[in-house]
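Shown next, in structure tokens, is the structure this report addresses.
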Amino acid sequence: MLKIGITGGIGSGKTTVCKVFELLGIPIFYADTAAKLILKTDPVLKEEILKTFGEKTYSNDGELNRSYLSSIVFNNESELNKLNALVHPTVFRAFDKWLAMHTDAPYIIKEAALLFETESYKMCDLSVLVVSPEASRVRRIIARDGISQDEIVLRMKRQLSDEKKIKLADHILYNDESQLLIPQILALDQQFLNLVSEHDH
Ligand code: ATP
């Protein structure tokens with residue numbers, strides 16, 4: 001089973017790219033969505049979060065108090081590391097379970113905003129980076145989420161720069177409004193299918 005990791009900075013278009021792969025029939029594991037779900041539903045993780053970050057992290061009806069947790073970890077690297085050390089292994093286990101359900105697919109994709117930062121790319125066979133100019137990313141995120149430019153720039157600073165990620169990525173998709181995205185995705189899909197069939201023969 002060929003495992004492809006897809007990443008890109010905030011607003012680069014990685015989810016958009018994954019939606020196209022989904023239309024081609026490729027199963028996608030959305031790691032960030034899985035992490036959010038797990039934080040809400042995994043009883044062992046909830047217990048660990050409560051122990052580490054205090055009673056206020058969950059409300060009485062069991063809902064995660066996301067803004068409270070964010071306020072603790074936002075500008076505090078050691079608290080963020082603690083949170084990641086709890087969440088990431090749980091997401092990795094969920095990914096392994098999910099993988100076992102998709103053994104008949106030619107290849108699968110894991111979409112993760114922090115694929116390189118969390119080193120989870122090492123668990124993938126190949127990585128794809130979606131690159132998009134900062135100005136387009138800011139514009140798209142403002143339109144999508146209505147958050148301020150300052151907030152977006154702060155979030156960008158917490159991610160590795162594209163320059164660093166380009167060195168680590170096996171493939172690059174340019175979502176820069178001058179190159180058509182879908183033909184690039186179709187070419188990549190073909191490359192992955194060729195790799196799988198070479199491997200099978
Ligand atoms: P995040 O890191 O915030 O999850 P992302 O990298 O997954 O973002 P998307 O959600 O795919 O990015 O794209 C951000 C926004 O920009 C979305 O509203 C999407 O529809 C839009 N968008 C992405 N690529 C294009 C494009 N080529 N043309 C027009 N709109 C686009």
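When reading the values below, keep in mind they use all heavy atoms of this one structure, side chains included, and skip hydrogens, waters and symmetry mates. Both counts, for ligands and for their atoms, begin at 1 and track the order of listing. Note that this is a predicted model, so its numbers are computed, not measured. In this chain, numbering begins with 1 at the start of the sequence shown.
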Any chance you could measure Ser127, atom OG, to Ile6, atom CD1, to the nearest 0.5 Å?
10.0 Å

When you measure from atom 29 (C) of ligand 1 to the protein, is at least one non-hydrogen atom found at a distance under 4.0 Å?
no

Does the protein place a non-hydrogen atom closer than 4.0 angstrom to atom 8 (O) of ligand 1?
yes

Got an N/O contact under 3.5 Å between [X] and ligand 1?
X	result
Gly11	yes
Thr16	yes
Gly13	yes

Electrostatic pair Arg137:Glu134 at N-O distance under 4.0 angstrom:
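Looking at Arg137 and Glu134, the cut-off is not met.
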
Charged N to carboxylate O below 4.0 Å: is that the case for Glu151 and Arg155?
yes

Are [X] and ligand 1 in contact, using a heavy-atom cut-off of under 4.0 Å?
X	result
Val130	no
Ser12	yes
Gly9	yes

Ring centre gap for His171 and Phe192 strictly below 6.0 Å:
yes

I need the contact type for Val17 against ligand 1. Using non-hydrogen atoms and a strict under-4.0 Å cut-off, is it side chain, backbone, both or neither?
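For Val17, there is no contact with ligand 1 at all, from either part.
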
Taking everything shown except Lys36 itself, do over 12 heavy atoms lie less than 6.0 Å from its NZ?
no

Ile141 neighbourhood, listing ligand 1 atoms whose heavy-atom distance to it stays under 4.0 Å
3 (O)

Check ligand 1 against Ile10 and write out every atom of the ligand that is under 4.0 Å from a heavy-atom position of the residue.
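So the atoms of ligand 1 that pass are 2 (O), 3 (O).
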
Qualifying residue, where the test is side chain to side chain contact (heavy atoms under 4.5 Å, CB included) with Cys18 and the options are Val128, Ile28, Leu23, Val130
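Filter result, single survivor: Ile28.
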
Which protein non-hydrogen atom lies closest to atom 2 (O) of ligand 1, naming both residue and atom, and how far is it?
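Among all protein heavy atoms, the one nearest atom 2 (O) of ligand 1 is Lys14 NZ, 2.5 Å.
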
I need the nearest protein heavy-atom contact for atom 26 (C) of ligand 1: residue, atom name and distance, please.
Asn175 OD1, 3.7 Å

Atom of Met1, atom of Leu99 and distance for their closest heavy-atom approach
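Residues Met1 and Leu99, closest heavy atoms: CG-CD2, 4.5 Å.
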
Can you tell which of Arg140, Arg144, Lys19, Arg155 gets a heavy atom nearest to atom 4 (O) of ligand 1?
Arg144

Residue pair Val196, Asp200: steps toward the side chain to side chain contact (heavy atoms under 4.5 Å, CB included) verdict
CA-CA 6 Å; Val196 172; Asp200 289 347; 3.7 Å; yes

Quick check with a 6.0 Å cut-off and a 45 degree axis cone: is Lys110 positioned over the face of Phe95's six-membered ring?
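Yes, a cation-pi geometry holds between Lys110 and Phe95.
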
